[in-house]
Amino acid sequence: MDDFKDSLVRFDSICIEAWRLRHDARAISSLADAAKAAVMQCIITPNTAVKAYRRTCEDYLARTIAAKGVPVVGVSTNDSSARESTGLYGNGIDFTVAKRELMGRMTQCVDRYRSRAELYFQIEQGELFAFIDEYFRAVPETVKARDRHISKGRAKARELLYWNRLFYTWHALAFPNEVEHYLIALGRPPAQRPIAIRWRYSTLDEDPEVNDVEPHRNRDGRYFLVDDSWAAQQGLVNLCEGNKLSAIDLPGKEIGCMCRVTWITNINELPSELLTDVGRGYLRRRGNQ
């Protein structure tokens, strides 16, 4: 943080120097690039951000394999310190195969993070640079106008300083959700898979600075059916294009999506309209009216 404060001091001094030379266009022609360089000296690059994200994913994958399931934190009865206990959803999973499959999914998450990080950084940096260029194209005449512009530039620089913290928050659930999806559903034979999910909407989806897609409010409470579950294979559920799990992204894949899902394993948890006549007959035979 001290280094960034020093960068802002240099930024201020360059802007003030441009103000002193405001009637000499040739003299201030190179100062805009110097101001940009001063600000960018302490800003994390997309490449560095992606490396940090990859390390986070690799750590989560290692913990998943070690715990043989989704890693959870418990409390030690000896010293009340946090400890990781046996993972969730790991029973019956071949973790030799799971590790290979999850590494592939991790690579997809990292690649997606990289492409989005580069684009997001380019946009945020572009807005700051455009603001700096505006100042140097028409340096204000008064001290008051100069200081107001410099203050806004400092604020924009601080926003860029923390771009990766916010950007990572929007993607933090992406790989854990992939792990959960694999362990609960994809890594199991159809007879052992859940039959559906129920979408749980998050109001964080509505943050206009976060989301580049339509908010998922219209998915809240909706059921999406697993295409190849045992219930689907036996014709017990009404699969259509509007309710297939394979037709949508899980929470966390789209930028800013902070929603969650509940996995459905029992057919009697589904609303009647999602069942076929065969499915409703299946329930009646088991005493579920």
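The chain is numbered in sequence order, starting from 1. Just so you know, these numbers come straight off a predicted model, no measurement behind them. What you see below is based on every heavy atom in this structure, not just the backbone, and it leaves out hydrogens, waters and symmetry mates.
The backbone N or O of Arg200 lies less than 3.5 Å from no partner atom in the side chain of Asp220, so there is not a single donor-acceptor pair. At least one donor-acceptor pair closer than 3.5 Å links the side chain of Asn243 to the backbone N or O of Asn238. The main-chain N or O of Ala52 is found under 3.5 Å from a side-chain atom of Thr56 such that the two form a donor-acceptor pair. Formation of a donor-acceptor pair under 3.5 Å by the Asn266 side chain with backbone atoms of Asn268 is not found in this model. With hydrogens and angles disregarded, a donor-acceptor distance shorter than 3.5 Å links the side chain of Arg280 to the backbone of Ser272.
In terms of heavy atoms, Arg116 sits closest to Phe167 at C-CZ, 3.4 Å. Residues Ser7 and Ala38 share a closest heavy-atom pair of CB-O, 3.1 Å. The minimum heavy-atom distance linking Ala157 with Leu128 is given by the pair N-CD1, 4.0 Å. Summarising the geometry of Phe224 relative to Gly242, their closest heavy-atom pair is CE2-O, 3.9 Å, with the distance given to 0.1 Å. Scanning both residues, Ala27 and Leu21, for their nearest heavy atoms gives CB-CD1, 4.0 Å.
Relative orientation of the Phe131 and His149 rings is parallel, given thresholds of 30° and 60° on the angle between their planes. Between Phe175 and Tyr60, the ring-plane angle classifies as perpendicular under the 30° and 60° cut-offs. The aromatic rings of Tyr120 and Trp163 sit tilted, their planes meeting at an angle between 30° and 60°.
Note that Arg284 lies outside the cation-pi zone of Tyr282, set by a 6.0 Å cut-off to the ring centre and a 45° limit from the axis. Note that Arg222 lies outside the cation-pi zone of Trp199, set by a 6.0 Å cut-off to the ring centre and a 45° limit from the axis.
Between Tyr113 and His171, the ring center distance clears the sub-6.0 Å criterion.
The pair Glu134-Arg137 fails the salt-bridge criterion, with no side-chain N (NZ, NE, NH1 or NH2) lying under 4.0 Å from an Asp/Glu carboxylate O. Using a cut-off of 4.0 Å between Lys/Arg side-chain N and Asp/Glu carboxylate O, Arg193 and Asp228 are scored as salt-bridged. Using a cutoff of 4.0 Å between basic side-chain nitrogens and carboxylate oxygens, Asp6 and Arg10 are not scored as salt-bridged. A salt bridge does not link Glu127 with Lys156: none of the charged nitrogens is closer than 4.0 Å to a carboxylate oxygen.
To the nearest 0.5 angstrom, Arg146 atom CZ is 9.5 Å from Asp12 atom CG. A distance of 10.0 Å separates CG in Leu270 from CG in Leu236, rounded to the nearest 0.5 Å.
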Assess whether side chain to side chain donor-acceptor pair (under 3.5 Å) is satisfied between Trp19 and Glu141, documenting all intermediate values. CA-CA 8 Å; Trp19 178 79; Glu141 287 292 331; over 6 Å; no
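Applying the 6.0 Å contact sphere to CD of Gln122 captures no more than 12 heavy atoms from other residues, nucleotides or ligands. Around atom NZ of Lys244, more than 12 heavy atoms belonging to other residues, nucleotides or ligands sit under 6.0 Å away.
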